[in-house]
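Structure first, then comments.
Please read all numbers here as calculations on a predicted model, not as lab measurements. One is the number of the first residue; the rest follow in order along the sequence. Computation of the quantities below employed the complete heavy-atom set of this structure, encompassing side-chain atoms and omitting hydrogens, waters and symmetry-equivalent molecules.
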Amino acid sequence: MIFYIYQTQLFIKRSLCQQVLNHFDQQYNEELCGLAVLLDPHSWQYGIMLNRFSAVNDITQILQSQGFSMLLEPCPSLQCYIHPYPVRFPSQAHRPGQLKQYYLLNAASLLPVLALQVREGEKVLDLCSAPGGKALAIMQCATPAVLHCNEPDPHRRHRLTKTLESFLPHSLNSRVTVSAQDGRSFGQSEAGLYDKVLVDAPCSNDRSWLYSHSSQQGEQRLKERARMPVLQAQLLRSALSAVRPGGIVVYSTCTLSSSENHAVVDTVLKDCPEAEAEDLWEDFAVPLSKNFTFTSAHPGHGGQTLVPQPGKTWGPMFLSRIRRRD
């Protein structure tokens, strides 16, 4: 089928990086019994998030005719279609003068946005915003008074800007802004200004890092991995300073590494008595368990880890929702 062509092209020139794979096996076989799904990219499924700011009736009909179905979401305006098999809908080319109708993504990317529970008129900070998929998802869920998208890296920020321009109408330009600050110091310059803050932190992305282009790149990424928790903790502390008392911070990564997930959250909460993690199991994970597989590898923690499984290959994704006490 034509849907497999695009997916195959992504990996035709890439192979598994042995250095990262060895580290992966050592860590995850102990932690989560190994994940063959991540080693088989041709099994990966993809989601299609529709753009509520563009006419999508024709796309909806095409998706439904080809076996895609709506992903059950607690946010009615966030429409994402998934397929039970690893087929991929073609990317949409730039259309001069027209907004794009849909955005391709790993459906797990929607979970941090859903956990954030953005409401109309709120002030929202997306602290590590590039490439922009979660910012788009926020705007599908609600129309905040402010959505501040921060990205210090110039190349990633350029991609973020292009993504926002391709999906959001000009009428939202006054609400959606882009900045280039160091996220670690954001909380100092804009303390207590936001109702909700998303920290989709830089991490050792399991999906991409397993397919490093060379052994040298793999070795470099493993060195970076050792430094990640310090950066992630700094970003989370900054977010907790930027959110108002009573506000919400969601911390997320796309790795299964406990040192970048639960350990980061635990470290920061010990230093921030004004913050507390909320339980995401009953009200969040359970209602979504039809399409997503969450693990209880760390019982007693507020965060949830989404683990890819055959037929439900979404993730990996970790998320923790933290409330700053009034």
Quick one: are [X] and [Y] in side-chain contact, heavy atoms under 4.5 Å?
X      : Y      : value
Asp126 : Asn150 : no
Met139 : Pro144 : yes
Ser252 : Met317 : yes
His148 : Tyr194 : yes
Thr253 : Leu319 : no
Arg184 : Leu231 : yes

Ring centers of Phe53, Phe167 separated by less than 6.0 Å: no
Shared hydrophobic cluster for Val230 and Val264 (ILVMFWY, side-chain gaps under 4.5 Å): no
Joint cluster assignment, Leu125 & Tyr251, ILVMFWY side-chain distance < 4.5 Å: yes
Side-chain donor-acceptor pair present, Asn51, Gln79, cut-off under 3.5 Å: no
Any side-chain donor near an acceptor of the partner, Gln188 and Ser241, under 3.5 Å: no
Pair Gln64-Tyr81, side chain to side chain contact (heavy atoms under 4.5 Å, CB included): steps then yes or no: CA-CA 9 Å; Gln64 292 174 344; Tyr81 281 81; 3.4 Å; yes
Salt bridge (charged side-chain N to carboxylate O under 4.0 Å, His left out) evaluation trace for Lys123 with Asp195: CA-CA 5 Å; Lys123 295 181 179 179; Asp195 301 294; over 6 Å; no
Over all atoms of both residues, closest heavy-atom pair of Lys196 and Val243: N-CG2, 4.3 Å
Stepwise salt bridge (charged side-chain N to carboxylate O under 4.0 Å, His left out) test for Glu274 and Arg325: CA-CA 5 Å; Glu274 74 278 9; Arg325 296 186 179 95; over 6 Å; no
Distance (rounded to the nearest 0.5 Å) between Met70 CE and Leu78 CG: 9.5 Å
Approximate separation, where rounding is to 0.5 Å, of Cys141 SG and Glu120 CD: 10.0 Å
His83 vs Tyr46, ring-ring contact (aromatic ring centres under 6.0 Å, His included): CA-CA, chis, key distance, verdict: CA-CA 8 Å; His83 199 283; Tyr46 295 88; over 10 Å; no
Chi angles and distances behind the side-chain hydrogen bond (donor to acceptor under 3.5 Å, both in side chains) call for Gln232, Asn261: CA-CA 9 Å; Gln232 292 158 340; Asn261 295 338; over 6 Å; no
